[in-house]
Amino acid sequence: MVSYINLLIFFCLVLLFAVGTLVLSKLVRYIDPNVNPVKVATYECGEDPVGDARIRFPVSFYLIALIFVLFDVEAAFLFPWILSLSKLGLLAFIEMLIFLTILFLGWFYAFKKGDLKWERQ
Amino acid sequence: MLWVEIGISVVKIALVLFVVLTLVAYLSYAERRISAFIQDRLGPNRVGPFGLLQPIADGLKFIFKEDIIPEGANKPFYILAPAFSLVTAIIALAVIPIGYGFNTTFFGNLNEPIHVSLQIADINAGLLYVLAITSLGVYGIVLGGWSSNSKYSLLGGIRSAAQMISYELSLGLSIIGVIAIAGSLRLYDIIDAQAKVWFLIPQCLGFLVFMVSSFAETNRLPFDLPEAEPELVAGYHTEYSSMKFAMFYMAEYTNMITASALAVCLFLGGWFPLPFGGWFGIDIEKYWYLPPIVFIAKVFLMLFFFIWVRWTLPRFRYDQLMRLGWKVLFPLAVLNLIVTSAIIVFV
């Protein structure tokens, strides 16, 4: 229980430090009295910004995120399993082998479909 | 009694915070000096003897710098993102133990010494805590990249998210072998289980996967694609200036410290000085300060390794990075897991 109280104190102190630094720098920093609009313009290597900044990006990023959610949930099952493996013995090992085979098949399917391939057309 | 314990905790926390922040400041100095030596330059050597006061000068400059919020930025998220990054980076260190601790009769009762452990929170699922908190770090980066209203920032943030989740998977799987041998998620127990032999030796494949994934998780070269200068200016913190920029920077170095400390805990024997033989009969109760010294020395070596790699290897291309993560490291981590669990069941 004391550990979690410590964690809470630590979290509060770190939060205080982060917010405090932001506030401190807000209080002491230089503030430009008349800001040139060019200065706050979005940085695009000196050119005038073109179009909206929230551009469309490749669908591959979404696919990676979806595959990650699948595999990460499956990986979460492995933690309790490995901790009790020595008590459960052979049966648990074989069951997890079946589970990992299914996991591998999913990975192989994504691999074959080209979802893990980045240089698509 | 409870109040004394909480008092000790507050002192420990303040100490940890102070040490970590100083270390972060001097890591930036060390990085610049070491990179200078590697590239046959001098590096910062003007402020104070050998330039040792450079981090203080940098800090002062960051605080007094004008802050520019780009037009069209989503202001609340833009301001909170660096703070979020920094907070998640630092609190991950809470469960790292650096020694056995010591007994003290300093507070009151002479017959009942109080045990002071050398970690902030002794959680029995410590390893899960570290994994959970470090994976929160991606939010700060994505929020910062998205809220800046800049194309470079957005792409940097998205890339970073994809990279971090890809490598988080192999990172998590590579650790499972260690848990299997140690039989616990508590970092203290995991280090203690390495008294006979460091886990580096039975888990060398796991260590390899873990180290590569750590480099990708901390966005360090050769995997610093989110902030690849020739392509994305500075990635997710392109539009950041003054203290907010400094906070992203501090978060990056703190993540490096966490990764190093975790590698030392899990694979490099924690506070045991040599790969075999534990403490060779040294009375650790008496010399309680030896384990922290060994632990911190190892963390420093790991940090040096991080910097050394950064200034030695070239950068990967993004498709190479994704291929390495999903097609090499992930199968390797699963293979390592199957072999380890088979050995545990059959031997």
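- Shown here are the salt bridge (charged side-chain N to carboxylate O under 4.0 Å, His left out) partners of B/Asp189, two or more places apart in sequence or in another chain: B/Arg186.
- Using a 4.5 Å cut-off between heavy atoms, A/Leu15 contacts chain B through both its backbone and its side chain.
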Kindly determine whether B/Met247 and A/Leu22 satisfy side chain to side chain contact (heavy atoms under 4.5 Å, CB included), including the steps that lead there.
CA-CA 9 Å; B/Met247 285 168 105; A/Leu22 282 179; 3.7 Å; yes

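- Among residue pairs with one or both ends in residues 144-156 of chain B, those qualifying as salt bridge (Lys or Arg N to Asp or Glu O under 4.0 Å) are A/Glu44-B/Lys151; sequence neighbours excluded.
- If you measure heavy-atom distances from B/Pro82 to chain A, you find no contacts under 4.5 Å at all.
- Residue contact with chain A, scored on non-hydrogen atoms closer than 4.5 Å, involves the backbone and the side chain of B/Ser341 alike.
- Only the backbone of B/Ser184 comes within less than 4.5 Å of a heavy atom in chain A; its side chain stays farther off.
- In this structure, chain B has no heavy atom under 4.5 Å from any part of A/Leu27.
- For B/Leu154, the part sitting under 4.5 Å from any heavy atom of chain A is the side chain, from C-beta outward, and nothing else.
- Options B/Ser242, B/Ser150, B/Ser166 differ in how many heavy-atom pairs under 4.5 Å they form with chain A, and the most are formed by B/Ser150.
- With a 4.5 Å cut-off on non-hydrogen atoms, A/Phe61 touches chain B through its side chain but not through its backbone.
- Of all heavy-atom pairs between B/Ile165 and A/Ala65, the closest is CD1-CA, 3.7 Å.
- With a 4.5 angstrom heavy-atom cutoff, B/Gln320 does not touch chain A via any of its atoms.
- Proximity to chain B among residues 101-111 of chain A is limited to A/Leu103, A/Trp107, A/Phe111, judged by heavy-atom separations below 4.5 angstrom.
- When each of B/Leu337, B/Val10, B/Leu321, B/Thr238 is checked for heavy-atom pairs under 4.5 Å with chain A, B/Leu337 comes out on top.
- If you measure heavy-atom distances from B/Leu173 to chain A, the contacts under 4.5 Å come from the side chain alone.
- Proximity to chain A involves both the backbone and the side chain of B/Ile79, based on heavy atoms less than 4.5 angstrom apart.
- There is no contact between B/Lys12 and chain A, counting heavy-atom distances below 4.5 Å.
- Nearest heavy-atom pair across A/Val28 and B/Phe64 is O-CD2, 3.5 Å.
- Only the side chain of A/Leu100 comes within contact range of chain B, with at least one heavy atom under 4.5 Å from a heavy atom of that chain.
- Scored by the side chain to side chain contact (heavy atoms under 4.5 Å, CB included) test, B/Leu324 finds B/Tyr167, B/Val212, B/Phe223, B/Phe316, B/Val328, B/Leu329 as partners (sequence neighbours excluded).
- With a 4.5 angstrom heavy-atom cutoff, A/Ile9 touches chain B via backbone and side-chain atoms both.
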